[in-house]
Amino acid sequence: MSENVNTANKVTLDKKTRQAVMWRSTFLQGSWNYERMQNGGWCYAMIPAIKKLYTNKDDQIAALKRHMEFFNTQPYVASPILGVTLALEEERAAGAPVDDAAIQGVKVGMMGPLAGVGDPVFWFTVRPLLAAMGASLAMSGNILGPILFFVLWNVIRVAFLWYTQEFGYKAGMSIAEDMSGGLLQKVTKGSAILGMFVLGALIERWVNINFTPVVSSVQLSEGAYIDWANLPAGSEGIRQALEEQAAGLSLSPVKVTTLQQNLNDLIPGLVPLLLTLFCCWLLKKKVSPIVIIIALFAVGIIGHVIGIL
């Protein structure tokens with residue numbers, strides 16, 4: 001451990017305080033905003049620990065301001081990040097060289113990768129399974145359906161919040177104790193790299209731009225498209241149309257190529273990537289996220305009105 005840490009007067013976060021932080025973290029999205037997203041809920045969750053670690057009011061204010069920075073992740077997987085942050089704050093209060101940038105770097109570096117895990121696990125797996133189980137019972141007239149869903153979901157949720165926060169707290173202690181070995185810097189750098197990797201992989205899914213201007217219109221030869229006028233009536237015509245489409249025939253006698261189709265043929269996802277990098281550049285230039293969001297809305301609306309998007 002670094003020699004700067006005052007082990008004699010070190011304040012340790014007891015289990016009761018850590019539990020208070022965990023319960024408060026259930027309100028992580030209670031004051032969600034477009035500029036810094038979950039920062040208000042995060043700061044609210046950290047209050048019991050900050051009061052425990054810092055007796056001086058100025059130090060408490062500084063710590064609260066430190067945790068009002070941008071934060072956003074899947075609400076449940078914020079718990080291990082909270083645990084690591086609690087450990088780093090504990091070491092900082094004891095005099096360890098843990099600065100604001102290190103704490104914020106760990107938070108930002110961890111929130112991206114964990115969000116990519118939390119959404120599929122909780123929103124797309126656990127919750128639908130439990131809801132399907134409860135719905136099947138409810139449809140048969142069993143009152144245990146909604147009760148079972150409510151109880152199981154909250155037991156799983158609270159257990160995950162507590163045990164992952166404790167895991168992060170213990171892992172954070174190991175990080176903070178190895179200041180001289182540069183482990184904190186390595187974890188911060190590694191988390192940031194992983195976060196950017198996950199962000200890059202999800203751009204294609206999250207960012208969607210469609211340029212509608214027509215580049216070319218080509219009249220197809222007879223036999224290259226479905227002849228709708230000569231199809232049999234009723235279900236037989238529908239069946240034949242589907243078969244012809246599956247065989248590669250066009251739905252229309254004119255093949256229209258848009259600008260977006262050309263861009264997709266050139267480099268799929270190029271424009272969403274460029275837009276994301278441009279927004280990152282604007283954030284680096286201290287442009288407000290609210291201004292960027294409003295500008296994107298305006299560009300989208302105007303582009304649609306004039307026929308570009």
Side-chain angles (χ1 to χ4, degrees), residues 1 5-33 35-111 114-115 118 122 154-177 179 184 187-188 191:
M1 183 180 293
V5 178
N6 186 357
T7 55
N9 298 321
K10 182 179 178 180
V11 179
T12 302
L13 295 173
D14 55 24
K15 186 175 181 179
K16 182 179 179 181
T17 302
R18 300 197 305 272
Q19 286 178 340
V21 172
M22 185 272 293
W23 286 116
R24 282 173 171 246
S25 71
T26 60
F27 302 100
L28 187 65
Q29 300 198 104
S31 61
W32 196 95
N33 61 89
E35 184 172 5
R36 299 188 181 183
M37 299 195 175
Q38 297 170 338
N39 67 323
W42 175 278
C43 187
Y44 174 74
M46 289 292 297
I47 287 176
I50 290 172
K51 287 184 175 180
K52 180 80 171 180
L53 293 172
Y54 303 102
T55 55
N56 183 280
K57 189 172 182 179
D58 291 337
D59 291 337
Q60 291 178 354
I61 293 173
L64 290 173
K65 288 183 178 179
R66 178 163 60 248
H67 291 292
M68 286 297 288
E69 294 296 326
F70 174 87
F71 184 82
N72 187 52
T73 192
Q74 202 277 343
Y76 302 151
V77 299
S79 294
I81 310 175
L82 271 170
V84 173
T85 306
L86 290 175
L88 295 178
E89 284 287 359
E90 189 175 291
E91 293 298 317
R92 178 185 174 117
V98 182
D99 58 12
D100 293 0
I103 294 176
Q104 184 64 12
V106 169
K107 288 165 55 180
V108 172
M110 293 178 68
M111 69 185 187
L114 288 177
F122 284 100
N154 283 285
V155 166
I156 293 172
R157 179 181 65 85
V158 173
F160 183 86
L161 291 177
W162 172 245
Y163 287 108
T164 55
Q165 180 180 293
E166 286 294 283
F167 175 81
Y169 177 72
K170 294 175 183 177
M173 293 293 293
S174 301
I175 293 172
E177 289 174 359
M179 293 296 182
L184 177 60
V187 171
T188 304
S191 298

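Because the structure is predicted, anything quoted here is derived from the model rather than measured.
- Considering only heavy atoms from C-beta on, Asn39 stays 4.5 Å or farther from Phe70 through its side chain.
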Working note: Leu86 + Gln165, criterion side chain to side chain contact (heavy atoms under 4.5 Å, CB included); need CA distance, chi angles, decisive distance, verdict. CA-CA 9 Å; Leu86 290 175; Gln165 180 180 293; 3.9 Å; yes
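- To the nearest 0.5 angstrom, Met46 atom CE is 11.5 Å from Ser25 atom OG.
- Scanning all heavy atoms of the two residues, the minimum distance from Cys43 to Met68 falls at CB-SD, 3.6 Å.
- Evaluation of the side chain to side chain donor-acceptor pair (under 3.5 Å) rule for Arg18 yields Glu166 as partners, not counting sequence neighbours.
- A ring-centre distance under 6.0 Å is found for Phe122 and Tyr76.
- Here the side chains of Thr85 and Ile103 are in contact, with some heavy-atom distance below 4.5 Å.
- The side-chain hydrogen bond (donor to acceptor under 3.5 Å, both in side chains) contacts involving residues 97-106 comprise Arg66-Asp100, Arg92-Asp100, Gln104-Lys107, where partners must be two or more places apart or lie in separate chains.
- Rounded to the nearest 0.5 angstrom, Gln29 CD and Gln74 CD are separated by 8.0 Å.
- Interatomic distance, Arg36 CZ to Ser31 OG, rounded to the nearest 0.5 Å: 12.0 Å.
- Side-chain contact check for Met22 versus Leu82: every heavy-atom pair is 4.5 Å or farther apart.
- Of the inter-residue distances, the one linking Thr17 atom OG1 with Ile47 atom CD1 reads 13.5 Å to the nearest 0.5 angstrom.
- Inter-residue side-chain proximity for Gln38 and Met111 is flagged as unmet; no heavy-atom pair is nearer than 4.5 Å.
- Interatomic distance, Leu161 CG to Thr26 OG1, rounded to the nearest 0.5 Å: 7.5 Å.
- In terms of heavy atoms, Leu13 sits closest to Glu90 at N-OE1, 3.0 Å.
- How far OH of Tyr44 is from CZ of Arg24: 4.0 Å, rounded to the nearest 0.5 Å.
- Trp23 CH2: 12 or fewer foreign heavy atoms inside a 6.0 Å radius.
- Shortest non-hydrogen contact noted between Ala78 and Trp42 is O-CZ3, 4.1 Å.
- In terms of the side chain to side chain contact (heavy atoms under 4.5 Å, CB included) criterion, residue partners of Ile156 (sequence neighbours excluded) are, by chain and number, Val126, Leu130.
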